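Inspection log for the structure reproduced underneath, given as structure tokens.
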Amino acid sequence: MMISINKYSKAMLAGMTLLTVVSCSNPWDDHSANSDENIEQTLGDRLTNDSQTTEFGKLLEETGYDRILSGSKTYTVWPPTNEALASVPQEALSDMKSKKLFVQNHITLTAFSSVSEQDTVTVQMLSNKYLEFKNGAVIFDANVITTDQYASNGLYHVIDKALVPQQNVWEYLKSNAGNKMSSYLLSLDEFNIYQSDSTAKVRAKSEPGLYADSLSNSYLKNVLNLNNEKNKYTFFLLEDDGYDAEVEKLKPYLIKSNEDSTTTYTSYFTARDYVFHKAIARENLPDTLESRFGVKVPIDTDNIVEEVHLSNGVVYVMSTLDVPLETRLLTTQIEGEDPEGFSHGDKRGNTYYREKEDLNGILFYDIMVQNHGEPEFAIYYNTRDLYSTTYEVYWRAINDIQENTFEQRLRFGGTFDLEGEVVDPIATLDYTDVGPDVYDEIFIGEFTLEESGDLDLISLIAANTGSNGDNTLTLDYLKLVPVIK
């Protein structure tokens, strides 16, 4: 807003200028211009001598952090009052390790004054916990009662409640190893649910910060890194009876070569859908949450036994958490334009990766191999984590450039012999016609997997002829729909 000087006296302008400085100036930025003798003292000296924080000062001396806060680096400290420190639970200060962690949770390595352009600033403490500093008046759940006390190497704000370090979600699960679900998750330190780490690495690359492919625990590696303090999570921890019920319900669909492997994989596919990448307050819990794997999980808050707030989220201990098989057993979709290989040599000149519109103007991507001259030419695909059940198979295969009908079929499983031929497939479906301009999803047939796991070879096979136009292959997508037994 522009102000006309003619409307105001010089005295009023001077007053406005002073008000601007008081309300917008950053105390830390201006501290060097202040003649207060406090700028000659370090934070270590000030906190030890301030009458409000002498007990915290003693803790600094005991842990050696008085020397750290007397160094040349810039810090901000939120020291609790003597009264607040006296009310800290004894276990939080039971030994030197816990005392150091407690002190670290009150210190950050930079200057944060009470004046900021942001209402809320997320602060990484020396404990590696992240606390929110709100409006310069509250940090976590403690009120600031004395602000912007500066020293030669930083600032401190006196608070009315100690910032006792909280466990994170993973630490909480480790401390509750007597719970069956917790115990199973901790066992994945020793058992790699996927023998290859490729899945975790792909996910870590596509969504940095959510995963940690260098961790040893398969759950942290492949689902979400609950040990990460930077992010917030909601985790539903089932009591033993509820957990056993969910595992038993899923077992027929995750059959492995032996009972132990079946239990391990069933437990994994049960537990992976009970964590969500944000912290959700109880009053904001919806009726249904969708896991990052696409499973819709119904939430009944009446089944919450305990609500535990932690440094990186919240854990809800549940008596039961019933996920219907209809939503648990997900359909697998394989995109035609993402093949793993081809049965014959270089056919790049005959292979078209297409971007087109269907009859409704909706964009789709597919593959078409045309005029390749090879009888029973095949495109290869694979997929992961299929269930031990029967699958209904559907495809969308679009023939929009040939007037004639051609046929193609699907083969599931098998291995290559020495001649490069596929032997011992699980199932080979009948040929299905692909007529001109059919954009519908078509049912193709069924196959059954006796054991759950990956399907490394799925073949889309052309007609047994070398005639152009008759041995064309095309595929928008395959859908494998699991059947509930």
Side-chain angles (χ1 to χ4, degrees), residues 194-196 198-199 252-258 261-262 265 329-345 347 350-351 366-370 372-397 399 405-434 441-467 470-485:
Y194 293 115
Q195 297 304 312
S196 168
S198 59
T199 298
Y253 302 92
L254 286 161
I255 295 172
K256 291 290 185 180
S257 58
N258 58 70
S261 293
T262 297
Y265 278 83
L329 301 183
L330 296 172
T331 294
T332 295
Q333 182 161 318
I334 301 168
E335 298 298 330
E337 68 274 14
D338 293 326
E340 289 297 316
F342 302 88
S343 61
H344 292 73
K347 299 295 181 181
N350 308 98
T351 304
D366 73 354
I367 190 171
M368 176 173 278
V369 184
Q370 192 180 36
H372 49 78
E374 301 288 349
E376 295 189 304
F377 183 82
I379 307 174
Y380 299 137
Y381 299 91
N382 61 33
T383 191
R384 298 176 62 86
D385 295 331
L386 294 181
Y387 308 106
S388 47
T389 189
T390 297
Y391 278 88
E392 296 177 344
V393 182
Y394 300 81
W395 75 27
R396 192 164 91 142
N399 168 18
T405 296
F406 57 87
E407 60 181 12
Q408 57 188 27
R409 66 176 175 174
L410 289 165
R411 179 178 60 215
F412 295 91
T415 58
F416 292 101
D417 64 15
L418 295 178
E419 284 74 41
E421 299 295 326
V422 176
V423 295
D424 300 324
I426 295 169
T428 302
L429 304 185
D430 293 336
Y431 275 105
T432 299
D433 287 345
V434 181
E441 182 177 285
I442 304 298
F443 174 71
I444 303 303
E446 295 181 345
F447 71 98
T448 298
L449 287 179
E450 300 298 334
E451 186 174 319
S452 66
D454 302 341
L455 195 52
D456 294 325
L457 184 60
I458 301 172
S459 308
L460 179 67
I461 306 169
N464 187 15
T465 176
S467 300
D470 292 331
N471 58 9
T472 302
L473 287 175
T474 185
L475 184 64
D476 181 5
Y477 60 79
L478 294 177
K479 277 187 180 178
L480 310 181
V481 182
V483 176
I484 297 176
K485 299 177 181 181

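Please read these numbers as outputs of a predicted model, since none were measured by experiment. Side-chain atoms are counted along with the backbone in the values below, which use heavy atoms only and exclude waters and symmetry mates.
- No side-chain donor-acceptor contact under 3.5 Å links Ser452 to the backbone of Lys256.
- Asp454 contributes a side-chain N or O that, together with a main-chain N or O of Asp385, makes up a donor-acceptor pair within less than 3.5 Å.
- The local environment of CG in Asn258 is crowded, with over 12 non-hydrogen atoms from other residues, nucleotides or ligands closer than 6.0 Å.
- Of the residues listed (Phe447, Tyr253, Phe443), the one engaging Tyr391 in a ring-ring contact (aromatic ring centres under 6.0 Å, His included) is Phe447, and it is the only one.
- Closest heavy-atom contact between His372 and Ala462: NE2-CB, 4.3 Å.
- From Gln333, atom CD reaches atom OG1 of Thr331 across 9.0 Å, with rounding to the nearest 0.5 Å.
- Minimum interatomic distance between Leu329 and Pro482 (heavy atoms only, all atoms of both residues): O-CG, 3.6 Å.
- Residues Ala463 and Asp470 share a closest heavy-atom pair of CB-O, 3.4 Å.
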Exercise. Dump the intermediate steps for side chain to side chain contact (heavy atoms under 4.5 Å, CB included) on Asn350 and Gln370, then the final yes or no.
Key: CA-CA 5 Å; Asn350 308 98; Gln370 192 180 36; 5.8 Å; no

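- With values rounded to the nearest 0.5 angstrom, Leu460 atom CG is found 11.0 Å from Tyr380 atom OH.
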Self-check item: side chain to side chain contact (heavy atoms under 4.5 Å, CB included) between Ile255 and Glu450, worked out
Solution: CA-CA 7 Å; Ile255 295 172; Glu450 300 298 334; over 6 Å; no

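- Shortest non-hydrogen contact noted between His344 and Pro375 is CE1-O, 4.2 Å.
- Checking side-chain atoms of Tyr394 against main-chain N and O of Gly445 turns up no donor-acceptor pair under 3.5 Å.
- Residue Gly413 comes nearest to Val422 through the heavy atom pair O-CG1, 3.9 Å, listed as atom of the first residue, atom of the second, then distance.
- Between the side chain of Asn471 and the main chain of Thr465, a donor-acceptor pair closer than 3.5 Å is present.
- Panel note: side chain Thr383, backbone Leu455; no donor-acceptor pair is recorded below 3.5 Å.
- Residues Ile379 and Leu475 are not in side-chain contact: their nearest non-hydrogen atoms beyond the backbone lie 4.5 Å or more apart.
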Self-check item: Chi angles and distances behind the side chain to side chain contact (heavy atoms under 4.5 Å, CB included) call for Thr415, Leu457
Solution: CA-CA 8 Å; Thr415 58; Leu457 184 60; over 6 Å; no

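- Here the side chains of Phe342 and Lys347 are not in contact, with every heavy-atom distance at 4.5 Å or above.
- At least one side-chain heavy atom of Leu480 sits under 4.5 Å from a side-chain heavy atom of Val393.
- Note: Gln408 CD to Thr474 OG1 = 6.5 Å, rounded to the nearest 0.5 Å.
- Note: Thr351 OG1 to Met368 CE = 11.5 Å, rounded to the nearest 0.5 Å.
- The shortest distance between side-chain heavy atoms of Leu429 and Phe412 falls below 4.5 Å.
- The distance from atom CG of Leu254 to atom OH of Tyr387, rounded to the nearest 0.5 Å, is 7.0 Å.
- Residues Glu335 and Tyr381 bring no donor and acceptor atom of their side chains to less than 3.5 Å of each other.
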Practice problem: Evaluate the criterion side chain to side chain contact (heavy atoms under 4.5 Å, CB included) for residue pair Glu441 and Lys479; output intermediate values, then yes/no. | Solution: CA-CA 9 Å; Glu441 182 177 285; Lys479 277 187 180 178; 3.2 Å; yes

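- Looking at Asn399 and Thr405, their side chains never come closer than 4.5 Å, going by heavy atoms from C-beta outward.
- Note: Thr432 OG1 to Trp395 CH2 = 4.5 Å, rounded to the nearest 0.5 Å.
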